Amino acid sequence: MRAAVFNSTYVTPGAWLKIEETPRPQPQPGEVLLKVIACGVCRTDLHIVERDLPPLHPRIVPGHQIVGEVVDGAPGGAPATLPAGTRVGVSWIGGVDGDCWFCRHNMENLCDRPVFTGYSVNGGYAEYTAVHADFAHPLPAGLDPILAAPLLCAGVIGFRSLRVAGVERGQRVGLYGFGSSASLAIRILHSWDCEVYVVTRGESHRKAAASLGAAWVGDEDSRPPVELDRAITFAPSGSVVLSALSALRKGGIVAINAIHLDQIPAFDYDRLLWGERQMRSVANMTRQDARDFLALARDLNFRPAVQTFSLDDANRALEAVKHETGEGSAIIVL
Ligand SMILES: [Zn+2]
Ligand SMILES: [Zn+2]
């Protein structure tokens, strides 16, 4: 089969991936073999090929927003829950050990030994990939398989952020930063009858928020005209967290959707945190998050804008993500 392979011992900027003929993966017990239909390209993939994330293997096939079709090929055949032909989505968390303290306490997103799709194991920039059956999420009928690909990472995490923030129906919710994750989150919030207040740098993001029906939109120096029940920050900036905190009512919650944050400046506890305000971080996702989000995406008829690339153009797809060129999420269509 053909695959786009990253070789971490020999990196050429802009030509990170080489299209190679490689053996079709042999699924191990508990895995299924997928014929890949499409794979979304995420900023994390760029961090992998630019070695911002330390390489775990000398060679890896990236890609962790995989949509594929189950084909027979697993030992003992395809599992009864995922018969051949089932269309599934696979995300960044491709498996957990199932027996660490966190897994045993219903917090698999915090597993001590997770599998990272396209990083610790081969991912979806290939014609075929083998994945853990338990982490292959059946796509709800009616969800376009190609348009599902870009939802599988930022979309699911954005949805989890709303859960971590404890958003309830009808609340006033602030979104700080307005990229792909937030633009999906606002539609979910509207379906829950929430009023959404958006604070974001960048004229184009403010326009996008207004066109998606935000109750109020402001730049990074402005403050929503009302006190917020909940806020979610998407920018990797500690000062943004403080802006969000300063807009909360007593008892409000800020969820921080960022893997990495620069320093949170020193702040006034009496004014910003007293009154049972809370700050929480958002880490990874559970299987339930992914499945619930995909069902919502179908119900709300999410149709994200995409720009498609062939496997041969995988490097161009990464470039598009790097320079944020083109309208819509980059996806590789097999
Ligand atoms: Zn991702
Ligand atoms: Zn675990």
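Remember, it's 1-based here, ligands and their atoms both numbered in the order they're listed. Since we're looking at a predicted model, the values are computed, not measured. Count residues from 1 along the sequence.
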Do any side-chain atoms of residues 161-168 form donor-acceptor pairs under 3.5 angstrom with protein atoms, and if so which ones, sequence neighbours left out?
{"from": "Ser161", "atom 1": "OG", "to": "Ile157", "atom 2": "O", "distance (Å)": "2.9"}
{"from": "Ser161", "atom 1": "OG", "to": "Asn257", "atom 2": "ND2", "distance (Å)": "3.0"}
{"from": "Arg163", "atom 1": "NH1", "to": "Asp289", "atom 2": "OD1", "distance (Å)": "2.9"}
{"from": "Arg163", "atom 1": "NH1", "to": "Asp292", "atom 2": "OD2", "distance (Å)": "3.3"}
{"from": "Arg163", "atom 1": "NH2", "to": "Asp292", "atom 2": "OD2", "distance (Å)": "2.7"}

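Surrounding CG of Leu273 are more than 12 heavy atoms belonging to other residues, nucleotides or ligands, all under 6.0 Å away.
At a cut-off of 2.8 Å, measuring from the Zn ion (ligand 1), the protein N, O or S atoms that fall short of it are Cys42 SG, His64 NE2, Cys153 SG, waters left aside.
Note on Glu50 versus Arg43: no salt bridge recorded, every NZ/NE/NH1/NH2 to OD/OE distance being 4.0 Å or above. Using a cut-off of 4.0 Å between Lys/Arg side-chain N and Asp/Glu carboxylate O, Lys322 and Glu319 are scored as not salt-bridged. Ionic pairing of Glu227 and Arg172 is not present here: no N-O contact between side-chain nitrogen and carboxylate oxygen is shorter than 4.0 angstrom.
A cation-pi geometry, defined here as NZ or CZ lying under 6.0 Å from the six-membered ring centre and within 45° of its normal, does not hold between Arg316 and Phe309.
The Zn ion (ligand 2) is the vertex of the angle joining SG of Cys111 and OD1 of Asp97, which measures 100° to the nearest 10°. With the Zn ion (ligand 2) as vertex, Cys100 SG and Cys103 SG subtend 110°, rounded to 10°.
Asn7 and Thr9 share a donor-acceptor pair across their side chains, judged by distance under 3.5 Å alone.
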